[in-house]
K.L.:
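Let me give you the structure first, and then I'll get to my questions.
The sequence lines fix the lettering, A, B, ..., with proteins before strands; numbering per chain opens at 1. The figures that follow rest on heavy atoms only: side chains count, while hydrogens, waters and symmetry mates do not.
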Amino acid sequence: MKFSELWLREWVNPKLSREALSDTLTMAGLEVDELTLDGEDYKFDVAITPNRGDCLSIQGIARDIAAITKTSLIPLAIHPVPPAIQDTLPIKISSPSACPRYAGRIIRNINSEAVTPPWLAERLRLSDIKSISPVVDVTNYVMLELGQPMHAFDLNTIHEGIEVRNAGRDSKEKIKLLDESEKTLDADTLIIADHQKPLAIAGIMGGLESSVTLKTKDIFLESAYFSADNIVRQRRLYGLNSESCYRFERGVDPELQVTALERATQLILEISGGQAGPITEVVNALPKSEPISLSSKQITAVLGIEIPEAETQSILNSLGFTTQPQSDGWIVNVPSYRFDMAYSEDLIEEVARLYGYDNIPVQHLKAELAVHQPSDVHIDTQILRECFSHQGYHEIVTYSFVSKPLQTLLDPDHIPQALHNPMTAEMAVMRTNMWPGLVSTLISNQSRQQHRVWLFEIGACFVDPNNTDQPFYKLGGIASNLAFPEQWGLPSRKIDFFDIKNHLENSFKLIHIYDEISFKAENHPALHPGQAAAIYHKEQKIGIIGALHPTLLQTLDLSSPVFVFEIDLNTLPIQLIGSLKPLSKFPEIRRDLAILVDQAIPSKVIQDTIKNCVGGWLKDVFIFDVYQGKGVASGLKSVAMALILQHPTRTLVDDEINGLIDEVVATLKRTVGAELRS
Amino acid sequence: MQNLDEILQEAQASISTLADMAALDQYRVLYLGKKGKLTEFLKTLGKLPLEERPLAGQKINTVKEAIQVLIDQRSHELKKILADRQAASEAIDVTLPGRGQSFGSLHPITLTCLHLKKIFTRMGFMFRDGPEIEDDYHNFTALNVGPNHPARAMQDTFYLESSDKLLRTQMSPVQIRTMLDTTVDLPLRMVAIGRVYRRDFDLTHTPMFHQMECLMVDKGLSFTHLKGLMKQFLSEFFEADVSMRFRPSYFPFTEPSAEVDMKCLNCSGQGCRICKNTGWLEVLGCGMVHPKVLQYVKIDSSIYRGFACGVGIDRLTLLKYGISDLRSLFENDLRFLKQF
């Protein structure tokens, strides 16, 4: 709410500089966002919280300041204007719950040449409201002054009488509004209508046809109370906004309507002349505030300090609350404009607010030492984050909503869930895997001449629309360009599949599941058909790794190599302690073996064959060379392996070892057609 | 033939001219070898009368020992010279950079979350998680945000197209789920950290951001305790004795509600660019849990009281690391990330 300082000080004038006043307001819950010099006056811009609809007026703020600073309020004397004519309009309320009170009066023969006095226009201006014409300006002025939104109609556009009813009694009523938009009204919309047609959407915006113009001679002035629920619904439905509905939504004093009407009448007569008729008022069941029981004990319990009862009572009274003593506290009745008061906790907040939050001391918590309560964040991702960070990946954080085309390119097998109201077209669907963010970040970094881009991200992915209760976390990574940063002493080479595989293997070793992990060649639509694998933990698929498909590289204008991987964290069995194998005291024997075998035979098959053949005495078998080319027949490859043999309880003798090796060679020949390389 | 003294003098004079181990060996052979000078001398002992032999033998041994000492010393010296020469030839330029892989980094938001986790773990809080796609009940209704509440402005919340679910706008739904979880007992102290979504994108707002909310429910909790916890938390996080002020505010799910400012650490409250010349930085919101919320989760508010606080992690990250632009947290420019 923006307003003039001079205007405010007409209502309450504490002995405070404007800066001090600004601080006081802020520390009392009416946060001053800005205080600026504007012409000869200062403009306050106060952020009023949604529960303090009563402060959306000079009167409301002044009342609060009076209570906070213990200064007297200088009330405005508003006298009823005696009617000069007897003209009235019949008023019928067909929706009493939506409009519990409607008051209106006719003013005839206003001077259409009249001009809004500068002092009034200035006050409007400081509240960011444009001056339009005297009648409209007065309605806006009184809204700012007292908090009652009002509306003026050109009387001669109203046929027979006013009816406050739902639209759509006849099919599809329409209205052209003040902002020149045309709305088709639905059956639940509350409108102000005459006996022929809609005149206004109640409490939100008036119609163009019935509005007051420079030619208007006679007006009908409306001052009503509309229920917030209706207003909210209508505002959203038609996408409208106005100072009027802003106030009705947050609450207007249900006792204010007639007073405001008198005040507006007085101002209009002063400025534009004319004759006012009597006020017609239709009242139905108004919202009533219930008395609230407040106990001193509860105040002490909630706030943690004991405030003397006299002080509490004084605070409540200064806010206009009446206090009837009862045992341990009071029965408190709040004025009609404090519709934010419903619970005793609301009263306690008022007491604390005026007592001063900063006057309430700080106290240390005492609680039972927690015997471990069930944390359900079951995946401790820190160990994995550090693992990838230490292997050269930079962690990124990207938006969970991504571009649909990109997501479809990278995960065509899953349909992403679309947002109804996305921020932009690039953020229209919820990601199904982590790759869109990684790829986009790769691209944006490469466009800034960062070529060696290695990134990882952990986040939730949204795959199954029928089960959104469990967040589905994945760790995704991308690597491009060189294996090592360019440097002296190390020949440059591009990354390949096995660099990335090594990173993943290291992470599995860290969480002690490496022995049960296997990589199986498996196609993925976004990956290179010859360089893609699925990662299995025992029989369960837990991840994917591969080079981006060459077509994708082209589409995205990326240069190879680019590798991506992803691990499903929900199904990852993280173990912090592995199982220990006992050490043998007896020497290890190494025997190297080089075989020639069909190039299509996977190395795992060769190693598994050897393991199965040798059994427990094989401590390890590892490949130290794989070779194709000169000296090896085409279609074959040479695989050189080291076998580490060890017996648990004695030293192995040469004969045994040689016999073992012979058996291995024979088995390899039999099962995979391998020949010893000479 | 030389006499013993002459041999010894000659040996002493020539030892330092020996330039390497080969020459030293030759020298040893010359004097101490099977056909060496001293051995020859020993042979002459037989021509001497018996009573003169012990003394003569002693003299020869003395010289022998002296020469051996010379040899040992020279051997020691030569080894050192050789070692030094070797080392000099292996010298390197120690100012060249180290070789190998370079470390990556953790994102500053992760670092902030880690710090927060550490602080609250030390105080015995448990960590809870919840879905990012939420339903209306957990995100609004149970938090005392009725269907027509201004907090529900359509333009602030992201909705899914194919259902009436939404992206959570705060971490409070996790608090609701925890309080409704029958496996969780009272008293309760919990923290929830995660991503939240609001449809807002400008200099100081991103459509997705990170939030931490903490909740305590116990008997005898009061506003003073809430203040105490906030003070401890802020002081721990900013590693300074933080001056804070509590301002009345409004949240649908707390009453009394407060916003907490802390004195700008950059200018000690004098006013600077970081605190927009006010001397204060708004850091978090908090309050006593509204009785209506306790009612929704079926906690008896006549026995238990709760308080909660919420803080923007991205904002804390900006403050902690002196980052000026919120958007840089999500642009993931490597030149920025590499600094962490």
Side-chain angles (χ1 to χ4, degrees), chain A residues 26-29 49-51 228-229 232 236 249 301-304 343 345-346 348-349 352-353 357-358 360-365 367 369-370 373-377 385 389-390 392-397 399-400 417-421 423 441 445 450 454 460 462 468-469 471 484-485 487 489-490, chain B residues 96-97 99-107 109-110 124 126-129 131-133 148 150-151 154 158-163 165 183-184 187 189 195 199 201 207-208 218 222-225 227-229 231 245-250 255-256 258 288 290-291 305 329-330 332-334 337-338:
Chain A
T26 298
M27 293 312 289
T49 48
N51 60 327
D229 282 352
V232 171
R236 285 196 205 146
E249 269 185 46
V302 172
L303 295 180
Y343 292 81
E345 283 82 358
D346 299 322
I348 294 175
E349 184 182 76
R353 183 170 79 92
Y357 275 18
D358 282 346
I360 299 175
V362 159
Q363 208 179 82
H364 283 304
L365 273 168
L369 284 177
Q373 291 236 25
S375 282
D376 68 354
V377 181
R385 280 183 220 256
S389 161
H390 292 170
Y393 293 81
H394 294 275
E395 188 182 17
I396 62 173
V397 174
Y399 294 119
S400 310
Q417 298 179 64
L419 286 175
H420 173 68
N421 52 340
M423 197 78 230
T441 307
N445 271 292
Q450 295 284 320
W454 290 28
F462 307 92
T468 54
D469 265 25
F484 295 92
Q487 58 196 279
L490 204 59
Chain B
L96 277 173
R99 190 196 304 116
Q101 193 58 275
S102 59
F103 270 23
S105 61
L106 294 178
H107 196 280
I109 293 178
T110 297
M126 68 172 176
F127 290 86
R128 302 286 295 188
D129 199 7
E132 294 183 21
I133 295 182
N148 293 313
M154 246 303 255
F158 285 106
Y159 286 90
L160 290 189
E161 192 147 74
S162 54
S163 74
K165 293 220 170 167
T183 65
V184 176
R189 17 186 214 283
R195 298 180 184 215
R199 203 173 178 285
F201 206 169
M208 178 192 87
D218 201 347
S222 75
F223 198 69
T224 54
H225 297 126
K227 287 186 99 176
L229 183 64
K231 176 150 183 138
R245 68 176 190 186
F246 277 65
R247 276 183 291 113
S249 185
Y250 170 75
E255 189 82 5
M288 308 301 290
H290 200 289
R305 207 162 298 114
L329 292 179
F330 302 100
N332 300 302
D333 188 324
L334 272 176
L337 296 174
K338 282 180 180 170

K.L.:
Would you check if the side chain of A:Gln487 reaches a backbone N or O of B:Gly100 as a donor-acceptor pair within less than 3.5 Å?
P.N.:
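Checked: pair present.
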
K.L.:
Which atoms form the tightest heavy-atom contact between A:Gly304 and B:Ser222, and what is the distance?
P.N.:
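That would be CA-OG, 3.3 Å.
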
K.L.:
State whether the side chain of A:Asn445 and the backbone N or O of B:Leu334 hold a donor-acceptor pair below 3.5 Å, judged by distance alone.
P.N.:
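Yes: the side chain of A:Asn445 pairs with the backbone of B:Leu334.
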
K.L.:
What heavy-atom pair brings A:Tyr357 and B:Pro248 nearest, and what distance separates the two atoms?
P.N.:
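Nearest heavy atoms, A:Tyr357 then B:Pro248: CE2-CA, 3.5 Å.
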
K.L.:
Is B:Ser102 in contact with chain A via its backbone, its side chain, both, or neither, using a 4.5 Å heavy-atom distance?
P.N.:
both

K.L.:
Of all the heavy-atom pairs spanning B:Glu132 and A:Phe462, show the shortest one and how long it is.
P.N.:
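The answer is OE1-CZ, 3.4 Å.
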
K.L.:
Which one of B:Glu161, B:Glu255, B:Met288 has the most heavy-atom pairs closer than 4.5 Å to chain A?
P.N.:
B:Glu255

K.L.:
Tell me, for B:Arg99 versus chain A, whether the close heavy atoms (under 4.5 Å) come from the side chain, the backbone, both or neither.
P.N.:
both

K.L.:
Only pairs of heavy atoms separated by less than 4.5 Å count here; which of A:Met27, A:Gln450, A:Met423 has the most with chain B?
P.N.:
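Maximum pair count with chain B is reached by A:Met423.
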
K.L.:
So which part of B:Arg245 gets closer than 4.5 Å to some heavy atom of chain A, the side chain, the backbone, both or neither?
P.N.:
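Both parts, heavy atoms under 4.5 Å.
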
K.L.:
Can you tell which of A:Pro361, A:Ala460, A:Ala352 has the highest number of heavy-atom pairs within less than 4.5 Å of chain B?
P.N.:
A:Pro361

K.L.:
Mind listing the closest non-hydrogen atom pair of B:Ser249 and A:Glu349 along with its distance?
P.N.:
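For B:Ser249 and A:Glu349, the tightest heavy-atom pair comes out as O-OE2, 3.7 Å.
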
K.L.:
Checking heavy atoms, do the side chain of A:Ala28, its backbone, both or neither come under 4.5 Å from chain B?
P.N.:
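The backbone, not the side chain.
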
K.L.:
So, do B:Arg305 and A:Val302 sit near enough that their side-chain heavy atoms are less than 4.5 Å apart?
P.N.:
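Contact flag for B:Arg305/A:Val302 side chains = yes.
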
K.L.:
Do B:His290 and A:Tyr343 make the cut of ring centroids closer than 6.0 angstrom?
P.N.:
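Centroid separation for B:His290 and A:Tyr343: below 6.0 Å.
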
K.L.:
Just give me the residue among A:Leu490, A:Asp346, A:Thr441, A:Thr49 that pairs up with chain B most often, heavy atom to heavy atom, under 4.5 Å.
P.N.:
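Of A:Leu490, A:Asp346, A:Thr441, A:Thr49, A:Asp346 has the most heavy-atom pairs under 4.5 Å with chain B.
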
K.L.:
With heavy-atom distances below 4.5 Å as the criterion, would you say the side chains of B:Arg247 and A:Asp358 are in contact?
P.N.:
no

K.L.:
Heavy-atom pairs under 4.5 Å with chain B - which of A:Glu249, A:His394, A:Arg385 has more of them than the others?
P.N.:
A:His394

K.L.:
In Å, rounded to the nearest 0.5 Å, how long is the span from CD of A:Gln363 to NE2 of B:His225?
P.N.:
4.0 Å

K.L.:
Restricting to non-hydrogen atoms, name the atom on B:Lys227 and the atom on A:Val362 that form the minimum distance, rounded to 0.1 Å.
P.N.:
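So the two residues come closest at CB-CG2, 3.9 Å.
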
K.L.:
To the nearest 0.5 Å, how far apart are CG in A:Leu365 and CG in B:Leu229?
P.N.:
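One gets 5.5 Å once the value is rounded to the nearest 0.5 Å.
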
K.L.:
If we only count heavy atoms from C-beta on, is the A:Pro485 to B:Gln101 side-chain gap below 4.5 Å?
P.N.:
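Result yes, sub-4.5 Å side-chain heavy-atom pair found.
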
K.L.:
With chain B as the partner, which of A:Thr26, A:Ile348, A:Leu303 has the greatest number of non-hydrogen pairs under 4.5 Å?
P.N.:
A:Leu303

K.L.:
Hey, what do you get for CD1 (A:Ile396) to CG (B:Asp333), rounding to the nearest 0.5 Å?
P.N.:
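If I round to the nearest 0.5 Å, the distance is 12.0 Å.
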
K.L.:
Give the member of B:Phe330, B:Phe246, B:Tyr250 that has the highest number of heavy-atom pairs under 4.5 Å with chain A.
P.N.:
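Most heavy-atom pairs under 4.5 Å with chain A: B:Tyr250.
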
K.L.:
Is the side chain of A:Glu395 donor-acceptor paired with the backbone N or O of B:Leu106 at a distance under 3.5 Å, no angle test?
P.N.:
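No: the side chain of A:Glu395 does not pair with the backbone of B:Leu106.
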
K.L.:
Apply side chain to side chain contact (heavy atoms under 4.5 Å, CB included) to the pair B:Leu329 and A:Val397, showing each step before the final yes or no.
P.N.:
CA-CA 7 Å; B:Leu329 292 179; A:Val397 174; over 6 Å; no

K.L.:
At a heavy-atom distance under 4.5 Å, which candidate from B:Ser163, B:Pro291, B:Ser162 has the highest pair count against chain A?
P.N.:
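The option with the most such pairs is B:Pro291.
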
K.L.:
Is the ring pair A:Tyr399/B:Phe201 parallel, tilted or perpendicular, if the boundaries are 30 and 60 degrees?
P.N.:
perpendicular

K.L.:
If every non-hydrogen atom of A:Asn421 is compared with every non-hydrogen atom of B:Tyr159, which pair is closest and at what distance?
P.N.:
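Closest pair (atom of A:Asn421, atom of B:Tyr159, distance): OD1-N, 2.9 Å.
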
K.L.:
Given side chains that start at C-beta, do those of A:Leu419 and B:Leu160 come closer than 4.5 Å, heavy atoms only?
P.N.:
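The answer is yes; the side chains approach within 4.5 Å.
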
